[in-house]
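To start, the structure itself, in structure tokens.
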Number of protein chains: 2
Amino acid sequence: MSTRSRSTHRVVGITEVARHAGVSPGTVSNVLNRPERVAEATRLRVESAIAELDYVRNSSGSSLRSGRSASVGLLVLDVTNPFFTEVARGVEDEAAESGLAVVLLNSAEAHERQQRNVRLLAEQRAAGAVVMPVDDDLSDLLWLNRQGTSWVALDRGDVAEDVGCSVSVDNHAGGMAAGRHLIGLGHERVTFLTGPFAIEQVRRRHEGLRAAFEEAGMDPGTAVRVVEQPLLNPAQGERAVDTILAGGPRQRPQAVFCANDQLALGVMKGLGQRGLRVPDDMSVVGYDNVDIADLVHPGLTTVAQPKYELGRAAMRLLDSELNEADHVHERVLFTPELVVRGSTAVYRP
Amino acid sequence: MSTRSRSTHRVVGITEVARHAGVSPGTVSNVLNRPERVAEATRLRVESAIAELDYVRNSSGSSLRSGRSASVGLLVLDVTNPFFTEVARGVEDEAAESGLAVVLLNSAEAHERQQRNVRLLAEQRAAGAVVMPVDDDLSDLLWLNRQGTSWVALDRGDVAEDVGCSVSVDNHAGGMAAGRHLIGLGHERVTFLTGPFAIEQVRRRHEGLRAAFEEAGMDPGTAVRVVEQPLLNPAQGERAVDTILAGGPRQRPQAVFCANDQLALGVMKGLGQRGLRVPDDMSVVGYDNVDIADLVHPGLTTVAQPKYELGRAAMRLLDSELNEADHVHERVLFTPELVVRGSTAVYRP
DNA sequence: CACCCGGATTGAAACGTGTCAATAACCTTC
DNA sequence: GAAGGTTATTGACACGTTTCAATCCGGGTG
């Protein structure tokens, strides 16, 4: 049976509430938005009318009138990656405190999808957005700015300060920390396994790694080899293992530094399948410190980012941009921290 | 410097486009929504006016007028869990094909947050929602129905068919498959590690496990012990290990079946820390088959759910409910599949 | 008592879109 | 060439909210 039982409950608006409470619509609106301007007695009367009629505000009406909606977008590189979901939690918690709804949009590492999502935000007249850009081409985001929707860049410290705020983690320092750790363990040939160099973050991590070798008086040109994969997921890491091992035992690197924990986990699996032991035959370092890094065996040595805090900070900045008239664009930089676990060990030839 | 450079670009609406193209606003609206009704020549004229003025539609206007917005909610139990993010991908892909935007809302396993999110959906006059209810109390969702927003239940086969559609996986069969596998390996004492029994899914998995023992002519009352934790995450799994091992080597179970891969991964870590080997000293079975299940060592034996397909199916059903006048509520049931990996082995006393 | 002041409330005018009955233009057919 | 039919376009109104100038009321002051 197809009982299309919509609207059993005639939809009630602000005007009906007003009639029911014996006041004007304007007063009801005031009760909802600036309760301090309305006298106690009438406020109570209106509130009980609201409860009695089961009135729920229509946000289309508000945002049409005010020109802006009360939701912010969170434009994420890949929902599947636990790193981002942790960031999302931070953004969400902070947004809830400001009474803003969060619309999570997934770019799936594809520029075309990012563009579609940006357009969506513009159509919704979103109050603002927290954005992790998919690559160096920021033209969509600048367009979004011109449409009146401002945004905070996440994990992209390189966006110009006149464009918007940014919150990021010092990727150079992270790469360097990983490098120093490996050098300290006696490693002299390291492969940097990465996603596309179009992503600014991974470029900086690479530079940091090289800087560590220079600092130690070694030539990064011979010590660091790069293997680049199209995406930053475990399957890509596993697939890259053959390339990493190419050249045989003499040429093979003594350690792999991955741009991402996801890649690192794939590498560990691939090495295991080929009979190589981590860390005895090869050390592996990841980046992000996702939850699972601590659950695999051996535990994954990795560069930890303050994921949740990153999200919170970004949303806080956005909030200030939206509400404070004298807002000045800001650049917040967190410092990453190396977490040493079992996947790295002293190199024993 | 605080150059608050909003609206460099005066905002343009449908009427301005109409003026620019020399037609009426109604025609512009038709070009946007039912292009087939408007003559080729004028359509092109309007389209070029749109491009020239860089017009972007204001969705508040549309949804105010039409009474419904073009976005659907996805109400998820816990964004952090990779199972849900995979479902989200399915929902998103399918929604994109129908031109619907997806608003991801996180209940964080808390009833109060679910309630807040449901309210938000009602205020936005969302077209519909895909919902994973936090517990057995569906009153918020029934209220949402009365407000005219219909929804599809995900992973909750027990919602009455006159309430809405549902898409789920046969949890009883899943529990049974895990049970048969363990029995086949010779295990006679199994602990079921679970989240709150308020969640219907885990109850059914438990029943399935017991049914497998009955089928084999064994008494589930003595063979199956239950350990219940408040949340379904790795930390809780790790914490539960002491409880599981209580009673010493003679009493201790030979295998642990977890309601969730997250719990299982925590258990594996906990066992490792206490010097117990998986699967030699204890077999572990998970549920969901998240990506990482295949990345840990040993690989986690688990009951696989068609996560992505689950999301797609739910969204497809919702779409039918929204568009087809003769829609009949449907109940889709997928069958789970046991994936055997290294974490289970024959019991050797 | 007249005056004024301040707080509480009102009324009407937008915001941008979709709808639909009404009109206009055009084509066919006798 | 007129009547009838089809297709394309128009205009005006309604959706639910917020805003703001205008009004109302009650009490304090001179």
Side-chain angles (χ1 to χ4, degrees), chain A residues 7 9-47 49-50 53-71 99 122-127 147-148, chain B residues 7 9-47 49-50 53-71 99 122-127 147-148:
Chain A
S7 68
H9 187 75
R10 207 175 49 71
V11 56
V12 15
I14 212 181
T15 42
E16 175 133 355
V17 173
R19 197 177 320 143
H20 198 266
V23 297
S24 83
T27 302
V28 178
S29 173
N30 280 335
V31 171
L32 262 41
N33 302 315
R34 307 113 104 177
E36 71 282 1
R37 295 210 187 165
V38 44
E40 173 97 0
T42 47
R43 208 197 62 217
L44 291 173
R45 199 143 34 93
V46 170
E47 276 167 354
I50 287 178
L53 298 176
D54 198 10
Y55 162 78
V56 325
R57 152 209 226 106
N58 184 336
S59 49
S60 315
S62 332
S63 27
L64 174 58
R65 168 67 223 221
S66 63
R68 287 283 109 192
S69 90
S71 49
E123 292 187 353
Q124 315 226 88
R125 303 292 191 269
Q147 298 299 321
Chain B
S7 68
H9 188 75
R10 206 175 51 70
V11 57
V12 17
I14 212 181
T15 43
E16 175 133 355
V17 172
R19 198 177 319 142
H20 197 266
V23 297
S24 83
T27 302
V28 177
S29 173
N30 281 334
V31 170
L32 262 43
N33 302 314
R34 310 113 103 177
E36 71 283 1
R37 294 207 188 166
V38 44
E40 172 99 1
T42 46
R43 207 197 65 217
L44 292 173
R45 201 144 32 95
V46 170
E47 277 168 354
I50 288 178
L53 297 177
D54 199 8
Y55 163 78
V56 324
R57 153 210 227 108
N58 184 335
S59 48
S60 315
S62 328
S63 27
L64 174 56
R65 169 65 224 222
S66 63
R68 289 281 110 192
S69 90
S71 47
E123 292 187 352
Q124 315 226 87
R125 303 293 192 267
Q147 297 298 321

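Hydrogens, waters and symmetry mates are skipped; everything else that's a heavy atom, side chains included, is used. In what follows, every chain begins at residue 1, and chains take the letters A, B, ... in the order their sequences are listed.
Along DNA chain C, the stretch of nucleotides lying under 4.0 Å from any heavy atom of chain B spans, 5' to 3', C/dG16 to C/dT19.
Comparing A/Val38 and B/Ser59, the nucleotide of DNA chain C nearest to each residue sits closer to the 5' end for A/Val38. When the nearest nucleotides of DNA chain D are assigned to A/Gly26 and B/Ala39 by heavy-atom distance, the more 5′-ward of the two goes with B/Ala39.
B/Arg68 CZ to B/Gln124 CD: the interatomic distance, rounded to the nearest 0.5 Å, is 11.5 Å. Here B/Leu64 contributes atom CG and A/Ser63 contributes atom OG; the two are 9.0 Å apart, rounded to the nearest 0.5 Å. Taking CD1 of A/Ile14 as the reference point, atom CG of A/Leu53 lies at 12.5 Å (rounded to 0.5 Å). A distance of 8.0 Å separates OG of A/Ser29 from CZ of A/Arg57, quoted to the nearest 0.5 Å. For the atom pair CD of B/Glu123 and OG of A/Ser59, the computed distance is 6.0 Å after rounding to the nearest 0.5 Å.
B/Thr42 comes within 4.0 angstrom of the backbone, heavy atoms only, and of no base. In this structure, A/Arg34 reaches the sugar-phosphate backbone alone: every heavy-atom distance under 4.0 Å involves primed, P, OP1 or OP2 atoms, never a base. Nucleic acid contact class of B/Thr27 (heavy atoms, under 4.0 Å, all strands): base.
An angle of 50°, rounded to 10°, separates the two end axes of the helix from C/dC1-D/dG30 to C/dC30-D/dG1, each defined over five pairs.
Rounded to whole Å, atom C1' of D/dG16 lies 9 Å from atom CZ of B/Arg125. Rounded to an integer number of Å, the gap from A/Leu64 CG to D/dA14 C1' is 12 Å. Distance, A/Arg68 CZ to D/dT18 P: 16 Å, rounded to whole Å. Distance, A/Arg37 CZ to D/dC24 P: 21 Å, rounded to whole Å. Summarising the geometry, the separation between CZ on A/Arg19 and P on D/dG16 is reported as 11 Å, rounded to the nearest angstrom. D/dT17 atom C1' lies 8 Å from atom OH of A/Tyr55, rounded to whole Å. Protein atom CG of A/Asn30 is 9 Å distant from nucleotide atom P of D/dT18, rounded to whole Å. For B/Ile14 and D/dG11, the CD1 to P distance is 15 Å, given to the nearest whole Å.
Shown here for A/Ala39 and A/Thr42, the closest heavy-atom pair between the two residues is O-OG1, 2.9 Å.
The salt bridge (charged side-chain N to carboxylate O under 4.0 Å, His left out) contacts involving residues 21-44 of chain B comprise B/Glu40-B/Arg43, B/Arg43-B/Glu47, where partners must be two or more places apart or lie in separate chains.
Looking at A/Arg65, its side chain comes within 3.5 Å of the base of D/dT18 through a donor and an acceptor atom.
Between A/Ser62 and the phosphate of D/dT17, there is no side-chain N or O to OP1/OP2 separation shorter than 4.0 Å. The phosphate of D/dT18 has OP1 or OP2 within less than 4.0 Å of a side-chain N or O from A/Arg57.
Looking at heavy atoms from C-beta onward, B/Asp54 lies out of side-chain contact with B/Val12 at the 4.5 angstrom threshold. Side-chain atoms of B/Arg45 and B/Val23, non-hydrogen and from C-beta on, do get closer than 4.5 Å to each other. Proximity of A/Leu32 to A/Tyr55: side-chain heavy atoms (C-beta onward) are separated by under 4.5 Å at one or more points.
For A/Ser29, the listed nucleotide lying nearest its side chain is D/dT19; candidates were D/dT19, D/dT9, D/dT10.
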